[in-house]
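Each remark here refers to the structure printed beneath this line.
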Amino acid sequence: VMHATYQPKDVEARWYKVWEESGSFRPEVNPDGEPYCIVIPPPNVTGVLHMGHALDHAIQDVIIRRKRMQGYAALWLPGTDHAGIATQNVVERELRIEGLTRHDVGREAFIEQVWAWKAKSGNTISNQMRKLGDSTDWTRERFTFDEGLSQAVRKVFVDLYDNGLMYRANRIINWCPRCHTALSEIEVEHEDDPGELTYIRYPFVDGSGFVTVATTRPETMLGDTAIAVNPEDERYADAVGKTVMLPLMDREIPVVADDAVELDFGTGAVKVTPAHDPLDFEIGQRHDLEPIIVIDTEAKITVDGGEFFGMDRFEAREAVRSRLREIDAIEKIEEHPHSVGHCSRCHTVVEPLLSLQWFVKVDPLVGPAIDAVKDGRTRFVPKRWENNYFYWMENLRDWCVSRQLWWGHRIPAWYCQDCDETIVSMEDAVTCPSCGSSKLVQDEDVLDTWFSSALWPFSTLGWPEETDDLAKYYPTTTLVTGFDIIFFWVARMMKMALQFTDSVPFTDIVIHGMVRDMAGKKMSKSTGNALDPLELIDEYGADSVRLALIQSAAPGHDIPLNTDWIDASRRFGNKLWNAMRFAVEFMDVSGVPADGGYPDDPGPEDAWILSRLGAVTAEFDDLLDEYRLSDAYGLLYNFAWSEVFDWYLEMAKSLTEDDQRAASMRQTLGVVLRDVLKLFHPATPFVTEELWDSLGDGSTLIITSTWPQVPEFAAPESVDSLQRIVSDIRRFRSQHHIANKADVPVIVAPSDDLPDWWLNQVASLSNSQPTIGERPEPVAGHTRLSAPGVEAYIPLAGLVDVDAERPRLEKAISEIEANLSKSNAKLQNANFVDRAPEDIVAAERARVDDMERELAKQRTLLAELG
RNA sequence: GGGCGUUUAGCUCAGUUGGCUAGAGCACCGCCCUUACAAGGCGGGGGUCGAGGGUUCGAGUCCCCCAACGCCCACCA
């Protein structure tokens, strides 16, 4: 016996266990199937499931469950990312509670502690994914720090080095003074800052006046080694080649000419600090200027002996300014809003620092990655993201991959203490191949987490080993992710895959939007507008959360979400539940075969719903093939509710035991519900599995059942006329406030013989007692209902007030007249008749004929009201 | 400074290559506990498709321009 309402809590955990333990998530359930593979965007191992994951995973699960049912060897490969900075931060926070830093503990012990943390808390997100219903193959779960994946990372590093694509150099990099590590360009977020532009006078050494420069960072003047002006700038033509005295530091520095200086910004003269600004560094290189480091990795001033020594950079900014003011070197200070880089992880203002780091040379890698998308080997859905991808690729700078962290893949480079040789190799270096010394020291740094993520599509399948999985599932088919990590991740996977596997990593890249609140704001914990998917699953059930996300996720668009959507999905689940409950308990629909089973000789209602099922299934499949999940499930939702439940199920209620059509209807009902469950299963796996269980004989699971065929049946016109007459009767009742219980005498005048079933359905669906007859004499008027092949009349005498019917008719007449004149105008336009396609013109003529007939009849009715 | 997106019913959004009277969910109004579901059924009201111009027999849809909002990118210090 089924509950009167659907109780998700009762069923979700139970079915997930059954699926997992039966191996249903493994591609081996379809051993002969064509491979289809999605690798999951690995969540941070420190992560907890948020709405973004829920959306991302719901989409992937819909895709993979459908492919599985379609017979593919469908693999959805799960795993997590070791997330260098984030994970290290978590464990460092734990240490801080004990008053310790990682340096107190030491490198080895610290890493052990991170592993211990991972063992304890690292599967949080995996368990949350189970609650969501993700059908990932857990037997293939991977971690970016696994032995195998670490080998892949090492091989890639060494190969890049051997091919000159990995190098170590002194460059200006983005430094986070709080995380104490270098960052790549894209780990820096630019935010508007109400800054100030300080105009400082630098006097010429020869006493011929001064040159004024404008800067947002006066504190860096301590490290100035030149002033630069544009060579075209006539204002400074005489100044080039002279020297100025650097205030506060009493250092003579040259005035140089460089194209990089803008003529119309500030004063046209710029102070050059090669050690603390990327542009200045380049200018410095062109003019042979010595970089002077004045800010350290703590963002403190390092100028020995000076009054600023040890000051924080922002403190120093004020101190430098106030000293400059004292010596009257400041011309003015202007407000100057500009954007300042922040660490994407901790939001500290990043410090550009000159530093020795490892870089990937990206130029040779981008060409193939661009070509692969240009020639369609990989495509973006929606396509417009390709432009962003191209633009990004074409403007890449070398990727700084070394991080001054402990948690990550250690850089496989050793430095000889005796001869300065650098050794990069697969094997740990013991002796220097150059001088034979054994005094080798390994690089202290680890690699950017995204470096290992970039290998994810092939490293997870076993690369560089030539595993069976790699041979079978690589290249993978589809990648599903948000636009926010196209640059961090997608672009890098493309580059690395083409370089190391000579293949694209996936053929389709499906980009979805972000989950936002109803005000369009990004959901985040800090602003307090975040919905927690786990709380929602607890309250509404996982299926409701999934269906709401899928239905609102138009491809590539952000989705505003509130609980109303989820509640609507929950109500749908309940409707589905009750429809099935009714079919099973009252219609005796059970034991429906999992495959085939369409009736050989369906009744008219059966043929109608089967024709609709066929059309909907075909369109649904087309939409899903194009990754239009929201449209597909919107279509299916309306079909199930408005057609199957509201019409067909009601028609089936007239089924009686002695009815000849009973068997056909029972079978049709079973088959239609079975296919509806299957089509819904990828989106709402739990409720459909539970209902499948009550529908069938318990010998199969819906998760591994076969995808519905497209039944081909023609809808008989009689069902259309039936529905129209029934709707008209209902409308008539409603407009005249006639109670449901009161009989409405309907006289049906068919153009041909009408079968009993038709009259019975009208009676049942409209709660009326229709009789066959001629058009009645208008005693006190009657209303007329019409549909193809049939007309029906409701005499008004004694039933309704004639005065209430008159405005109804008048309104109907004026509506028809308006449309008729519109259509006539069209047809009187010679251009339309001549140029529009024939079928369009013919359809318009037919409409006019229909409307004219209808208009005449309605006018007669009005006249007959008297 | 570039690039992209959005603007359609009270709200949130669909609307595919131009073609029946522009749709859905929620909200709203009326009637109804009819052998599953009141978390439901039946019926209804509500939109000059952001503004302007153009192409076309025909434009929510294609082109141009404008406006508002949002996002991404960018070394003008």
Side-chain angles (χ1 to χ4, degrees), chain A residues 2 4-6 172 190 197 213-217 220 228 260-267 269-273 277-282 336 338-339 352 384-385 387-388 391-392 395 483-484 486-487 513-514 516 518 520 522 548 551-552 554 556-562 564-565 567-587 622-623 626 628 630-631 634 637-638 642 645-646 649-650 653 727 730-735 737-741 764 766-767 815 818-819 822-823 826 829-837 839-841 843-844 846-847:
Chain A
M2 298 167 70
T5 55
Y6 173 53
I172 299 279
H190 291 271
L197 207 47
V213 301
T215 180
T216 53
R217 299 201 60 194
T220 61
V261 181
E262 300 281 334
L263 286 157
D264 52 4
F265 184 87
T267 63
V270 59
K271 57 191 269 320
V272 181
T273 323
D277 183 277
L279 183 67
D280 291 7
F281 180 76
E282 286 171 24
H336 178 64
H338 66 312
S339 79
R384 67 185 152 84
W385 288 107
N387 288 330
N388 283 53
Y391 181 82
W392 168 258
N395 291 282
F483 59 79
D484 50 326
I486 292 178
F487 305 144
M514 284 172 122
R516 296 177 181 275
M518 292 311 271
K522 190 175 167 177
Q551 283 213 73
S552 15
H557 287 251
D558 286 345
I559 62 177
L561 187 80
N562 68 15
D564 284 354
W565 278 93
D567 197 53
S569 294
R570 202 212 58 231
R571 291 207 299 273
F572 177 79
N574 200 54
K575 183 76 184 176
L576 186 65
W577 175 266
N578 272 290
M580 286 295 305
R581 182 162 76 100
F582 177 72
V584 169
E585 292 183 359
F586 295 85
M587 297 281 122
D622 287 346
L623 289 167
E626 294 168 47
R628 292 172 56 179
S630 62
D631 293 332
Y637 181 101
N638 285 322
S642 309
F645 303 155
D646 286 348
L649 212 52
E650 293 303 317
K653 283 180 180 175
S727 290
R730 287 169 174 172
R731 193 172 302 117
F732 179 82
R733 261 185 203 288
S734 181
Q735 283 169 347
H737 301 288
I738 298 169
N740 249 343
K741 285 169 189 153
S764 161
S766 68
N767 196 30
E815 275 174 10
N819 288 323
K822 218 190 278 180
S823 290
K826 245 184 181 179
N829 180 347
N831 280 326
F832 173 70
V833 179
D834 292 346
R835 300 194 195 182
D839 55 325
I840 298 285
V841 177
E844 200 63 36
R847 278 191 67 210

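Letters A, B, ... are given to chains in the order of the sequence lines, protein chains preceding strands, and every chain is numbered from 1.
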In Å, rounded to the nearest 0.5 Å, how long is the span from [atom1] of [X] to [atom2] of [Y]?
X	Y	atom1	atom2	result
A/F832	A/S823	CZ	OG	8.5 Å
A/D622	A/D631	CG	CG	12.0 Å
A/R570	A/D567	CZ	CG	4.0 Å
A/T273	A/I172	OG1	CD1	9.5 Å
A/M580	A/E585	CE	CD	10.5 Å
A/E844	A/K826	CD	NZ	4.5 Å

Roughly how many Å apart are [M] and [N], using the [atom1] atom of each and rounding to a whole number?
N	M	atom1	answer
B/G23	B/C37	C1'	26 Å
B/G10	B/G70	C1'	23 Å
B/U48	B/G43	P	26 Å
B/U8	B/G2	C1'	30 Å
B/U7	B/C29	C1'	29 Å
B/C69	B/G58	P	36 Å
B/G18	B/G60	P	13 Å
B/G19	B/C33	C1'	46 Å

Inset, instruction - Summarise protein proximity over nucleotides 72-77 of chain B in one line of letters, 5' to 3': B for base, S for sugar-phosphate only, - for none, counting protein heavy atoms closer than 4.0 Å. - result: -S-BBB

How many whole angstroms separate atom [atom1] of [X] from atom [atom2] of [N]?
X	N	atom1	atom2	answer
A/M514	B/G70	CE	C1'	13 Å
A/N767	B/G41	CG	C1'	13 Å
A/N387	B/C71	CG	C1'	16 Å
A/K575	B/G41	NZ	P	4 Å
A/N831	B/G18	CG	P	20 Å
A/D567	B/A39	CG	P	11 Å
A/F832	B/G19	CZ	P	13 Å
A/L576	B/A39	CG	P	18 Å

Legend entry - Polar side-chain contact A/E650-B/A36 base: donor and acceptor under 3.5 Å: yes

Inset, instruction - Return the orientation label for the A/Y6 and A/W577 ring planes: parallel under 30°, perpendicular over 60°, tilted otherwise. - result: tilted

Is the closest side-chain heavy-atom distance between [X] and [Y] below 4.5 Å?
X	Y	answer
A/I486	A/W385	yes
A/T220	A/K271	yes
A/V272	A/D280	yes

Considering non-hydrogen atoms only, spot the tightest contact between [X] and [Y] and give its length.
X	Y	value
A/A579	A/L649	CB-CD2, 3.8 Å
A/P352	A/P278	CB-CD, 4.2 Å
A/A214	A/L197	CB-CG, 3.9 Å
A/S552	A/I559	O-CG2, 2.9 Å
A/M514	A/D558	N-OD1, 2.7 Å
A/V213	A/T267	CA-OG1, 3.7 Å

When you compare the protein's N or O atoms with those of nucleotides 20-23 of chain B, which come within less than 3.5 Å of each other, and at what distance?
{"unit_1": "B/C20", "atom_1": "O3'", "unit_2": "A/R847", "atom_2": "NH1", "d": "3.1"}
{"unit_1": "B/U21", "atom_1": "OP1", "unit_2": "A/R847", "atom_2": "NH1", "d": "2.3"}
{"unit_1": "B/U21", "atom_1": "OP1", "unit_2": "A/R847", "atom_2": "NH2", "d": "3.2"}

Within the 4.0 Å heavy-atom criterion, would you say [X] contacts the bases, only the backbone, or no part of the nucleic acid?
X	value
A/A836	base
A/D646	sugar-phosphate
A/P352	nothing
A/D558	nothing

Report all interatomic pairs (protein N or O, nucleotide N or O of nucleotides 32-35 of chain B) with separations under 3.5 Å.
none

Inset, instruction - With RNA chain B as reference, determine whether A/R730 or A/A579 sits nearer its 5' end, using the nearest nucleotide of each. - result: A/A579

Inset, instruction - Using a 3.5 Å limit on both pairing distances, list the dot-bracket string of RNA chain B from the 5' end; Watson-Crick and G-U wobble pairs count, crossing pairs take [ ], interstrand pairs take |. - result: (((((((..((((.....[...)))).(((((.......))))).....(.(((..]....))).))))))))....

Mark yes or no for whether [X], through its side chain, and [Y], through its backbone, hold a donor-acceptor pair below 3.5 Å.
X	Y	answer
A/N578	A/T5	no
A/Q551	A/W565	no
A/R217	A/D277	no

Could you work out which one of [options] sits closest to the side chain of [X]?
X	options	result
A/N578	B/G19, B/G43, B/C37	B/C37
A/R628	B/U16, B/A39, B/G5	B/U16
A/P837	B/G19, B/C37, B/G15	B/G19

Inset, instruction - Determine, stepwise, if the pair A/Y637 / A/L576 fulfils side chain to side chain contact (heavy atoms under 4.5 Å, CB included). - result: CA-CA 10 Å; A/Y637 181 101; A/L576 186 65; over 6 Å; no

Legend entry - Axial cation check for A/F582 ring with A/K653, 6.0 Å and 45° limits: yes

Distances for protein N/O vs nucleotides 44-50 of chain B N/O pairs under 3.5 angstrom?
{"unit_1": "B/G44", "atom_1": "OP1", "unit_2": "A/R731", "atom_2": "NE", "d": "2.6"}

What does the list of N/O pairs under 3.5 Å between the protein and nucleotides 24-29 of chain B look like, with a distance for each?
{"unit_1": "B/C26", "atom_1": "OP1", "unit_2": "A/R571", "atom_2": "NH2", "d": "2.8"}

